[in-house]
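Just below is one structure, and these are the notes that go with it.
Only heavy atoms go into these numbers, but all of them, side chains included; no hydrogens, no water, no symmetry mates. If you read the sequence from its start, that first residue is 1, and numbering goes on from there.
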Amino acid sequence: MKMTSSQRNLYLLALALLVIAVALVCAWTVWGGREAASDAIVSPSPAAQVTPVPSAEVETGAQTEAEQDAPEEKKAAQTMSTVVYYQDNYGYLVPVMCRVAYEDGIAKATLKMMVQSPENDMNAARLGLRTVLPENTTFDLDISNGLARIDLSREVLSLQDAAAESNMVTAIVQTLTEFDSVDRVEFLVGGQKRKKLTHGTDISGTFERGEINLESSVSTIGRDALEPVMLYFPCESGNVVVPVTRMVYSNPDVNTAVLELAKGPNTQSPLERTLPAGCGLIDVKVENGVAKVNFTREFARMVENSDGGRLALKALVLTCTQFEGVDSVEVYVEGELYDAGRDALNVPSFANVAENIVYDYIQTQAGLIFDYE
């Protein structure tokens, strides 16, 4: 890409400002505490296995003796990792692991990050995403015996359509069931039990964790024979990977998942392809916990992506390692081991990590600025 001296200087100035902004955010985080990042392992499947909080005591407000004895100023300086559900510009829900200041009841603190406000909207925008709860929404949260009962304020009745209502409900359920202490979620609005929200979204009964971003089916014929597989595709903004549930007639295993990944997202979807157009799957073999995925030569075009294919490789690894017995991934092109570069095929700790998204964005922009003829 050719640039004039003036264009290059403008790019450098923009990048410098972005770096300064990120540095300020990082400095604030360090000032707020240096607690180690959560070591939760990603579970792309619908089952909730990521556990930002170790036990129900934190959720219900109860504390251990050590926590009770800890100085208040020390508690205030701590931060914790938690999973926040945002949405992209097309309504896809996107889980992101974020840092949040320590407080009693981390689940409630997590939900607060999903409410529209200047601060929350700015944090989401840095990731290329948006918040899912209406502005000024408040809530009470009670967790007991695996049931999270959330009482939302009446602001949630002002959402613009049924799609926004459904996204809000699903995001809340997915967020709360990330915690070990929650198996089911019950909704109230303004202290009252309701059957439906304004645009008809059902909130009666209790909700369990389910499929996320379920693709619409072309036909309902034989739907009972379908099985869900989770696929990961890069977001159109190029910053995050989006989990998508696709219903298939085949066995929901790693072979089926990679084959579906090669097909790309739904034709109506704005999501990006994980694999290059025309790339075919030759075979997948799992040996000693390693999924050995063999593609046709078109796979090599992945390096032409603006980020060198890093996000696409991450989506491939997440898609493969969701299955029991698959701990890592090796890529082959026409039977030859593909050199993806150092750490490119490492299993990520989580699908999307806020700090990593910002860092990768800076690296990509820097590459675009300096990689010119």
Quick one: does Arg273's side chain have a donor or acceptor within less than 3.5 Å of a partner on Ala262's backbone? yes
#### Entry: Test item: Val169 and Phe187 side chains (from C-beta on) under 4.5 Å apart, heavy atoms
yes
Inset, instruction - Evaluate the side-chain proximity of Val241 to Leu318: yes if any heavy-atom separation is below 4.5 Å, no if none is. - result: yes
Under 4.5 Å between side-chain heavy atoms, hopping through other hydrophobics if needed: is there a path connecting Leu152 to Leu188? no
TODO: Verify the cluster assignment for Val290 and Val347: are they in a single hydrophobic cluster under the rule of side-chain heavy atoms below 4.5 Å apart?
DONE: no
Glu165 side chain to Thr198 main-chain N or O, any donor-acceptor pair under 3.5 Å?
yes
Here the gap from Ser181 atom OG to Asn145 atom CG, rounded to the nearest 0.5 Å, amounts to 11.0 Å
Interatomic distance, CG@Asp183 vs CZ@Phe207, rounded to 0.5 Å, equals 15.5 Å
NZ of Lys108 to CE of Met113, rounded to nearest 0.5 Å, is 16.0 Å
The reported gap from CD1 in Ile203 to CD1 in Ile150 (rounded to nearest 0.5 angstrom) is 10.5 Å
(message) One pair to check against side-chain contact (heavy atoms from CB on, under 4.5 Å): Leu337 and Glu330. What are the steps and the verdict?
(response) CA-CA 8 Å; Leu337 185 63; Glu330 288 181 357; 4.3 Å; yes
* Flag side-chain contact, heavy atom, 4.5 Å: Val96 against Leu127 -> yes
The side-chain hydrogen bond (donor to acceptor under 3.5 Å, both in side chains) partners of Asp88 (sequence neighbours excluded) come to none
Any donor-acceptor pair under 3.5 Å linking the side-chain atoms of Thr245 with those of Glu211? no
(message) Does Gln160 have more than 12 heavy atoms from other residues, nucleotides or ligands lying within 6.0 Å of its CD?
(response) yes
Check your understanding: Between Tyr85 and Glu178, is any side-chain donor less than 3.5 angstrom from a side-chain acceptor?
Key -> yes
Of all heavy-atom pairs linking Ala291 and Val326, the shortest is CB-CG1, 3.7 Å
Rounding to 0.5 Å, atoms OH (Tyr249) and CD (Glu227) come to a distance of 11.5 Å
Practice problem: Check for a donor-acceptor pair, side chain of Thr110 on one end and backbone N or O of Ile106 on the other, with a separation under 3.5 Å. | Solution: yes
Salt bridge (charged side-chain N to carboxylate O under 4.0 Å, His left out) filter on Lys285, not counting sequence neighbours, yields none
| message | Do Leu129 and Val240 make a side-chain contact, defined as non-hydrogen atoms from C-beta onward lying under 4.5 Å apart? | response | yes
* To do: Keeping the roles fixed (side chain from Thr256, backbone from Asn251), state whether a donor-acceptor pair exists under 3.5 Å.
  => yes
Notebook entry, point to check: Hey, is the main chain of Thr319 close enough, under 3.5 Å, to the side chain of Gln322 for a donor-acceptor pair?
Noted result: yes
Check whether any side-chain heavy atom of Glu287 lies under 4.5 Å from a side-chain heavy atom of Lys292, and answer yes or no.
yes
Review point. Can Ser117 and Glu119 be counted as having a side-chain donor-acceptor contact under 3.5 angstrom?
Key: no
Heavy-atom nearest pair, Gly278 first then Thr296, reads O-OG1, 4.1 Å
- Message: Looking at Arg246 and Glu260, is there a salt bridge between them, counting it only when a charged N and a carboxylate O are closer than 4.0 Å?
- Response: yes
Taking atom types as modelled, is there a side-chain donor on Ser204 or Arg194 under 3.5 Å from an acceptor on the other? no
Keeping the roles fixed (side chain from His199, backbone from Leu159), state whether a donor-acceptor pair exists under 3.5 Å. yes
Can a donor-acceptor pair be found between the side chains of Ser269 and Tyr92 at a distance below 3.5 Å?
yes
Quick one, Ile143 with Val182, criterion side-chain contact (heavy atoms from CB on, under 4.5 Å). Give me CA distance, side-chain angles, the key distance, then yes/no.
CA-CA 7 Å; Ile143 298 176; Val182 178; 3.8 Å; yes
*Sub-4.5 Å side-chain heavy-atom contact between Arg310 and Asn305*: no
Sequence neighbours excluded, the answer for salt bridge (charged side-chain N to carboxylate O under 4.0 Å, His left out) partners of Lys196 is none
Does the side chain of Val189 come within less than 4.5 Å of Val156's, by heavy atoms?
yes
For Ala148 and Leu176 the tightest heavy-atom approach is CB-CD1, 4.0 Å
Counting C-beta onward and ignoring hydrogens, is there a side-chain heavy-atom pair between Cys235 and Asn239 closer than 4.5 Å? no
**Prompt:** Do you see a donor-acceptor pair shorter than 3.5 Å between the side chains of Arg209 and Thr177?
**Reply:** yes
In short, Arg184 meets Glu208 closest at the heavy-atom pair CG-CG, 4.0 Å
Residues at least two apart in sequence or cross-chain that pass side-chain hydrogen bond (donor to acceptor under 3.5 Å, both in side chains) with Asn346, listed by chain then number, are Asp343
Whether the side chain of Asn294 engages the backbone of Ile282 through a donor-acceptor N/O pair (distance < 3.5 Å, no angle test) should be reported. no
Those residues at least two apart in sequence (or on a different chain) that pass side-chain hydrogen bond (donor to acceptor under 3.5 Å, both in side chains) with Ser166 are none
Smallest heavy-atom separation, Cys98 atom then Val84 atom, equals SG-CG2, 4.1 Å
Residues pairing under ring-ring contact (aromatic ring centres under 6.0 Å, His included) where one sits in residues 273-303, two or more places apart or in two chains, turn out to be Phe295-Phe299, Phe299-Tyr338
In short, Val132 meets Ala171 closest at the heavy-atom pair CG2-CB, 3.9 Å
task: Following the transitive rule for hydrophobic clusters with a side-chain heavy-atom cut-off under 4.5 Å over Ile, Leu, Val, Met, Phe, Trp and Tyr, establish whether Val94 and Tyr90 coincide in one cluster.
output: yes
Compute whether any side-chain donor of one residue and acceptor of the other, for Glu155 and Asn136, lie under 3.5 angstrom apart. no
### Asp151 (side chain) donor-acceptor with Asp140 (main chain) under 3.5 angstrom
no
(message) Can a side-chain donor-acceptor contact be found between Tyr332 and Glu334 if the only test is distance below 3.5 angstrom?
(response) no
Taking it one step at a time, do Thr321 and Asp327 satisfy side-chain contact (heavy atoms from CB on, under 4.5 Å)? CA-CA 6 Å; Thr321 54; Asp327 303 317; over 6 Å; no
Q) Between the main-chain N or O of Thr131 and the side-chain N or O of Gln87, is there a donor-acceptor pair closer than 3.5 Å? A) yes
(request) Look only at the side chain of Thr274 and the backbone of Ala315, and say whether a donor-acceptor pair between them is shorter than 3.5 Å. (result) no
**Asked** Could you walk me through whether Val293 and Val329 pass the side-chain contact (heavy atoms from CB on, under 4.5 Å) check?
**Response** CA-CA 7 Å; Val293 189; Val329 177; 4.2 Å; yes
To the nearest 0.5 Å, atom CE of Met114 lies from atom CG of Asn123 at 14.0 Å
**Asked** So, Glu298 and Arg301, do they make that salt bridge, N to O below 4.0 Å?
**Response** no
